[in-house]
Structures are given as C-alpha cells and as structure tokens.
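The structure appears below as structure tokens.
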Amino acid sequence: MSIHIPLPIPTHPEASSPSALSEKEQALYDVVLKHFSAADYTLPDVNQEKAALVVDEKFWLSYECLLRYLRATKWDSNDAIKRLEDTLKWRRDFGMYDTITPQHVEPEATTGKEFLFGYDTRGRPALYMCPSKQNTEESPRQIHYTVWMLERGIDLMGPGVETLALMIDYADKAKNPSIGTARTVLNILQTHYPERLGLALIAHLPWLLHAFYKLITPFIDPFTRLKMVFNPVITKNGLFRTAVDAEAWSANGESRVFEPDQLVQEGWNGSQPFVYSHAIYWEALVKLCEERRSRMIAAWHCIGGKVGTKEWEVKVAVRDEAMNVQVDAENVLAKNGQLQS
C-alpha cells in the first residue's frame, strides 16, 4: 500500500544538548546576544515605524542561530551582527512573513518536484528534489517555493538537529535550472542559511550534467562542496556515501547515511512506498508544520520568549509534550480495555 504523507519526526531521546562554549567563544557570543537583546534595539536602515523586531524575528534569533552566524564568520562578532541584520532585512524583503505562504507557492508543488520525507541516521530531514517533475516556467515563485520548503524542513528538525539532507534525483531526463536561478538559490543558501545544509546527495547524475556542476562550482563555497556526494551507493542495507562505506558497514557502524525504512522506493530504492499525491500530501505537510511551529512558539514563550533562547530547549519541550500526550492516550485506552498487550 502506498504512503502519501510525511513520516513523523523522530523523538531522539538520546540527542544531546549543545556543548559548552570556550571562554573566548562565550565572550563573543555574549557580544552578539547583548546587541540584539537591548531593550531599545531596532534594525538599522529600516523605517523606524517598522524597525523593532517582531515575535517571529526574536524567535528566529535563537542561541543556535547566533552561533551559526558566528561560526560562519569565523567568530568575528561584528561580522556576525552585520550578517544577522542583513538576513533579518532580507527575510522581510523576501516576504517570509507575509508573501511566502502555502497558498502562494502551492502551484509549484502539484507534481511533487520537491517534498519532505524521512530522516537520515543523524535525524536530518530529507528534502527530495526531482527536476524531471518541473511543472512551471522559471520565475521568482520557483525560488520562493524552494525557500518555503527549506523553512518547512527546519520546522521538522528534532532536538539537536540543525541541518537537513538534500536529495536530488536526476533520473528521467531531468533538466537543470538556468545558471542564473542556480546562482540565486546558492546565494540565498550560503548567505542566509549558514550551516543549514548537512549533506547533498545527487543521484543518477548523467555525465552531460557534470558540465553544469562544473559551471556553478566556482559559486559554491569550499565547505559546502565537501557536503556534496554524487551518485551515492544504495544497497539493501541503506544508502552510503561510497562503495567502500557500503562494503565496510556493520550493524554497529556509523557509515550508513539512510536506513532503508527512511528512504523512498522511487529513485532511491528504499523500503517506503511513498507516492506523491498532492491532494493528500500538501494538506498533511502544511498542517504538520503549522501545528509544530505553533507549539514551538508557545514553548518559546513559556521558557521566556527572549532572543537567545535555545532551540534545544524549545524542541525538547515540544517533544516531551507530544510523548506525554501519547502516553496519556495509551493509558486511557488501557483503562477502557481497548489497548491489547
């Protein structure tokens, strides 16, 4: 029987909290936190009537977010502050909080050219891209859709997870976007989503399309290039970066990137019979992400609702709430004699 909805978010009870910072790192982090936490803080070069941060922006400025930008700027606190402010302004200008809605991007989604399904062995959400299912002409909305899907992948990251796995399948005579569109998307990812890409797996890449990647490689930063894996190896045991990893794998090994039950069958030879049905999947994804984000915002408010709140604490609170609800439901069923042992 086919599956048409996203898989549930792993609970990851074994996930560990963020590691402690060194004394120097903590001092630099404190500089950035103090800057954005000031009671009278406003975004520079913005109309003063709209310069104050809104709730969504304060929520975005998490402990982990500040650290991602500090690491991306090699721990230069002034550069990190500037990049954070540039991204805050870009998110507004791009329409993240008003224009980029499910209704706006849905025409791009009807064929399933991008979908979120499953998680790798590190708990990273898998964002599948199927260029052969392209259904629209190049336009700003195509880029809006890619960014919207990236944001939904971030919504579905569990405790301790900050990156996603990008899965691009070039089967079925898939075509690449133009160099211009590719450069625009790359610029957005590298400038406004630092340290969000965990891995990029590119399958069934024909030799003719290698030329395209050679053309865009100069625009990909060296750190991102290291995360790109072309034509990964897929066996009955799952997905691996290389044939060497696949041959050396054991049940206790860590070289496996995806377990079979977290991979789709089509194009990736997984065990999940996922078939994209827009009428079912789209509603389920939008509902799942909206409900999860609502719970995260509520948890954030309960924790204190401040800039610098840890994503870890927010996600653990949401995870534990969901687990408690599940336990309560099972207890009610057991009490009513409806749960078999």
Side-chain angles (χ1 to χ4, degrees), residues 21 25 27-101 104-105 140-155 157 162-164 166 179-198 200 216 218-225 227 293 297 300 306-311:
L21 302 177
E25 290 170 344
L28 292 168
Y29 170 81
D30 290 342
V31 169
V32 179
L33 177 63
K34 181 179 179 181
H35 178 83
F36 288 102
S37 298
D40 59 348
Y41 175 78
T42 55
L43 268 173
D45 305 318
V46 172
N47 185 317
Q48 285 303 300
E49 294 181 1
K50 299 180 180 180
L53 297 178
V54 299
V55 168
D56 280 335
E57 292 170 327
K58 293 179 180 179
F59 175 77
W60 180 80
L61 286 167
S62 65
Y63 171 81
E64 290 87 345
C65 177
L66 302 189
L67 288 181
R68 284 191 290 270
Y69 278 76
L70 274 165
R71 290 192 295 266
T73 55
K74 296 180 171 60
W75 294 92
D76 185 315
S77 57
N78 291 326
D79 279 356
I81 288 170
K82 183 181 184 306
R83 279 193 61 177
L84 281 160
E85 289 179 336
D86 287 345
T87 294
L88 283 165
K89 287 184 279 188
W90 171 81
R91 290 174 70 84
R92 290 185 178 190
D93 294 341
F94 194 69
M96 198 70 71
Y97 307 115
D98 43 37
T99 303
I100 317 300
T101 64
H104 171 68
V105 300
R141 193 180 63 189
Q142 279 191 356
I143 298 172
H144 293 167
Y145 176 55
T146 296
V147 172
W148 186 87
M149 288 296 290
L150 175 59
E151 289 282 326
R152 303 294 71 77
I154 292 171
D155 287 343
M157 292 175 184
E162 298 182 47
T163 59
L164 57 78
L166 189 60
I179 296 294
T181 296
R183 286 183 62 180
T184 299
V185 173
L186 277 170
N187 180 63
I188 289 173
L189 293 176
Q190 293 175 170
T191 305
H192 303 299
Y193 291 89
E195 301 200 5
R196 281 304 199 181
L197 178 64
I216 66 170
F219 308 107
I220 304 174
D221 66 71
F223 190 61
T224 299
R225 282 181 226 164
K227 299 177 181 180
R293 187 168 181 82
I297 292 285
W300 176 78
K306 298 184 296 184
V307 169
T309 298
K310 290 183 178 179
E311 295 170 15

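- Considering every non-hydrogen atom in both Lys306 and Trp300, the closest pair reads O-NE1, 3.3 Å.
- A salt bridge does not link Arg91 to Glu57: none of the charged nitrogens lies less than 4.0 Å from a carboxylate oxygen.
- Here Tyr193 pairs with nothing under the ring-ring contact (aromatic ring centres under 6.0 Å, His included) rule; sequence neighbours left out.
- In terms of modelled atom types and a separation under 3.5 Å, the side chain of Arg83 and the main chain of Thr191 share a donor-acceptor contact.
- When every heavy atom of Arg68 is checked against every heavy atom of Pro194, the shortest pair comes out as CD-O, 3.6 Å.
- Atoms CG and OH, on Leu61 and Tyr69 in that order, are 9.0 Å from each other to the nearest 0.5 Å.
- The distance from the CD atom of Glu162 to the SG atom of Cys65 is 9.5 Å, given to the nearest 0.5 Å.
- The line from OG1 of Thr101 to CE of Met96 is 12.5 Å long, rounded to the nearest 0.5 Å.
- Within 6.0 Å of atom CZ in Arg183, 12 or fewer heavy atoms from other residues, nucleotides or ligands are found, so the atom counts as exposed in its surroundings.
- Counting heavy atoms from C-beta outward, Glu311 and Met157 have side chains that stay 4.5 Å or more apart.
- Around atom NZ of Lys310, more than 12 heavy atoms belonging to other residues, nucleotides or ligands sit under 6.0 Å away.
- Here Leu88 contributes atom CG and Phe36 contributes atom CZ; the two are 6.0 Å apart, rounded to the nearest 0.5 Å.
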Subject >> Check against side-chain contact (heavy atoms from CB on, under 4.5 Å), Thr146 and Leu150 >> reply: CA-CA 6 Å; Thr146 296; Leu150 175 59; 5.8 Å; no
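- Between Asp155 and Arg152 there is a salt bridge, with a side-chain nitrogen of the basic residue lying less than 4.0 Å from a carboxylate oxygen of the acidic one.
- Within the 4.5 Å cutoff, no side-chain heavy atoms of Glu85 are placed close to those of Val46.
- Looking at heavy atoms from C-beta onward, Lys227 lies out of side-chain contact with Thr163 at the 4.5 angstrom threshold.
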Subject >> Working for side-chain contact (heavy atoms from CB on, under 4.5 Å), residues Leu67 and Val32 >> reply: CA-CA 9 Å; Leu67 288 181; Val32 179; over 6 Å; no
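- Residues Leu166 and Leu197 share a closest heavy-atom pair of CB-CD1, 4.0 Å.
- How far CH2 of Trp75 is from OH of Tyr29: 10.0 Å, rounded to the nearest 0.5 Å.
- Other residues, nucleotides and ligands place no more than 12 heavy atoms under 6.0 Å from the CZ atom of Phe223.
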Subject >> Pair Leu84-Trp60, side-chain contact (heavy atoms from CB on, under 4.5 Å): steps then yes or no >> reply: CA-CA 10 Å; Leu84 281 160; Trp60 180 80; 3.8 Å; yes
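- Lys50 has its side chain out of reach of Leu43: every pair of non-hydrogen atoms, C-beta onward, lies at least 4.5 Å apart.
- Summarising the local packing, NZ of Lys34 is surrounded by 12 or fewer heavy atoms from other residues, nucleotides or ligands at distances under 6.0 Å.
- Atom CD1 of residue Ile100 and atom CZ of residue Phe94 lie 5.0 Å apart, to the nearest 0.5 angstrom.
- With ring centers used as reference points, Tyr145 lies 6.0 Å or more from His104.
- Closest heavy-atom contact between Glu64 and Thr309: OE1-O, 4.2 Å.
- Thr73 and Asp76 share no donor-acceptor pair across their side chains, judged by distance under 3.5 Å alone.
- Considering every non-hydrogen atom in both Asp56 and Arg293, the closest pair reads OD1-NH2, 3.9 Å.
- For His192 against Asp86, the heavy-atom pair with the smallest separation is CE1-O, 4.1 Å.
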